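Inspection log for the structure reproduced underneath, given as structure tokens.
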Amino acid sequence: MTTLAAPPTSGSLGRTVRSEWIKVASIRSTWWTTLAMIVLGAGFTTIISGVVAGDIASGKSGDSPGEYITQGLIFSQISAVVIGALVVTSEYGTGLIRATLAATPVRSRVLAAKAIVLSGFLFVVGTVTAFLGYFGGNAFFSNKGIGISLGDEHILRSMFGAGLYMAGLGLLAAAVGLLVRHTAAAISIVLALVFIIGQVVSLIPGTFGEWVMKLMPGNAGPGIVVPVSFGDNMLSPWTGFAVFVGEIALLSLVGFALFQKRDA
Amino acid sequence: MIRAQGLTKTYDGKVAVNGIDFTVEPGRVTGFLGPNGAGKSTTMRMILGLDAPTKGTVSVNGHRYAASPAPLREVGALLEAHAVHPGRSARNHLRWLAASNGIPTTRVGEVLELVGLDSVAAQRAGRFSLGMGQRLGIAAALIGDPPVVMLDEPVNGLDPEGVRWVRSLARQLADDGKTVFVSSHLMSEMALMADHLIVIGRGAILADSPIQEFMAEHASAYVRVKAPQTTDVEALLVGRGLDVTRTDDELRVQGLDAPAIGELIGSHGFLLHELTLVRSSLEDAFMELTADSVEYHARTEVAA
Ligand SMILES: Nc1ncnc2c1ncn2[C@@H]1O[C@H](COP(=O)(O)OP(=O)(O)OP(=O)(O)O)[C@@H](O)[C@H]1O
Ligand SMILES: [Mg+2]
């Protein structure tokens, strides 16, 4: 038998991060969902670009290629939400949370490690998806002579912005997961927030409605993803993202407080 | 060593564990015995800091469990609820556990072999049978080679061979000088496994003694006497200062051995239909001890 070396004398975030990464990477659903994120995101961007390229080139539509070059990422949001929620809720569904906290009793460290692994992973996958979509979609635009260069204004920001936004969305779902501790509930709540409630609030009349709409996480956050904004009724990219980050921070704090207090 | 002092847990006003004190010593197997809902699992969760005590404290090796920088190297626990993700393989389950506490990955293979799961290590845990799941849980408990091992109902779902394996494992761990704390709701199992017994019922400690002592004290024997002139015989025996309980036509006598009781009754000219020495089993002792503290009695009455 291996005689174990002397046990470490202090806890370490690095060990917990490694452990959380093994967890995420050793579940098949992580990889299926990631594949869906890439294929849907890059695939739809490519298809949409192919569809609109002709009209933009002929000047029939007044749009610009930049409005479409990250369009498919709308679908990738679903995967980010699923992966984010599962990082927390799969532990409650299975009772695994007890093993996790028995292994690492410092709860803040567990959450920090989960946040690091989740946001790091989604940042990379989100960014890769955006680049693949760019290359796919831009092939059509270039073909019509209206191609965008990576050096063009806002393009790189939107590529890495996609990574940042996906990471944020995952963290948002994880925070909601801490509150409800149930997979289906967490995913439904965040998807409804992003896809439905974010649109429905636009029905609220007046400037109040306008502001509510602007501040919804699914509207404020993705401003940094699109190189050319679709509508004018949005916050500026980085202001919007700051609001989005603030909302995540707030939810995470509430989630953390509950996680710290509740029995596992 | 595990030490609980005034340990209390209340869930929404309902007391699950009620101010218990106990110490679990190293070098022996301590059984934690109690009927369903007695508070065994709750106590174990509090030991691991998973549930916060409402009152009181519990320490492992002299400190709070959560204060340990690498707790799996100090305490290994098999918990009641299978704390395993069904989609993760046995090996990967042990890998993340090892990584979290700075345990070398070579140890993963060792514990897999130790519990006999090495051939199915790559299979998803969700496909495991109940018994295989228990083995994986025990492997997880042993991954850090901890001096304290705590097993909540480890023989649940195991076949006879598996039960015997757990028994000998517990024995071996204790012989190695480790602290072994095993819960069960089966007295018969504890009688075979434990050196020391802590009995819990409705959140209170009912007994805390070496198993031999517990048996001597609680598994009492009596002599069953059946005689046609029940009342006269009863009077005779009571007159001799013996302890007699009457149920219908049967007398339960304590304080004298069977031959002496038979001679006494015969010498007074009474007929004797039955004279039997009855040893109540440990299971009976346990039932008797916890009779008032069983939370869920089965209803066996049938409407007339
Ligand atoms: N999380 C919880 N919330 C509310 N009540 C609980 C909780 N956990 C346990 N209880 C209650 O506390 C009491 C003790 O339960 P516990 O699971 O500790 O018993 P046990 O001795 O392990 O029983 P068993 O042999 O059935 O496993 C029971 O009445 C149970 O219903
Ligand atoms: Mg239990």
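What you are looking at is a predicted structure, and each value in this text was computed from that prediction instead of being measured. Residue numbers begin at 1 in each chain, while the letters A, B, ... track the order of the sequences.
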Output the option from Pro71(B), Ser68(B), Gly87(B) having the highest count of non-hydrogen pairs under 4.5 Å with chain A.
-> Pro71(B)
Heavy-atom distances under 4.5 Å only: say whether Ala77(B) touches chain A with side chain, backbone, both or neither.
-> neither
Heavy atoms, side chains only, cut-off 4.5 Å: are Lys23(A) and Asn92(B) in contact?
-> no
May I ask you to name which of Val106(A), Ile22(A), Ile97(A) has the most heavy-atom pairs under 4.5 Å with chain B?
-> Ile22(A)
If you count the non-hydrogen atoms of other residues, nucleotides and ligands that lie under 6.0 Å from CZ in Arg109(A), is the total more than 12?
-> yes
Give a yes or no on whether Arg164(B) atom CZ has more than 12 heavy-atom contacts from other residues, nucleotides or ligands under 6.0 Å away.
-> no
Here the gap from Met46(B) atom CE to Asp263(A) atom CG, rounded to the nearest 0.5 Å, amounts to 9.0 Å
Is any side-chain heavy atom of Thr94(A) less than 4.5 Å from a side-chain heavy atom of Pro86(B)?
-> yes
Answer key: most heavy-atom pairs under 4.5 Å with chain B among Gly14(A), Ala103(A), Ser90(A) is Ala103(A)
Under a 4.5 Å heavy-atom cut-off, does chain A meet the side chain of Arg95(B), its backbone, both or neither?
-> both
Test item: Thr16(A) and Ser100(B) side chains (from C-beta on) under 4.5 Å apart, heavy atoms | no
So which part of Ser12(A) gets closer than 4.5 Å to some heavy atom of chain B, the side chain, the backbone, both or neither?
-> neither
Ser26(A) versus Arg88(B), closest heavy-atom pair with distance | OG-NE, 2.8 Å
Heavy-atom contact with chain A under 4.5 Å, split by part of Leu79(B) = side chain
Ala102(A) backbone acceptor or donor facing Tyr65(B) side chain under 3.5 Å | yes
If one checks every heavy atom of Ile143(B) against chain A at 4.5 Å, the contacting part turns out to be backbone
Indicate yes or no: at least one non-hydrogen side-chain atom of Trp96(B) is less than 4.5 angstrom from one of Val24(A).
-> no
Step-by-step side chain to side chain contact (heavy atoms under 4.5 Å, CB included) determination, Leu48(B) to Arg98(A) = CA-CA 9 Å; Leu48(B) 298 178; Arg98(A) 287 181 174 155; over 6 Å; no
Under a 4.5 Å heavy-atom cut-off, does chain A meet the side chain of Arg91(B), its backbone, both or neither?
-> neither
pair Ile27(A)-His85(B): side-chain heavy atoms closer than 4.5 Å = yes
Give a yes or no on this: more than 12 heavy atoms of other residues, nucleotides or ligands lie within 6.0 Å of atom CZ of Arg18(A).
-> no
Separation between CZ (Arg262(A)) and CG (Leu50(B)), nearest 0.5 Å, reads 15.0 Å
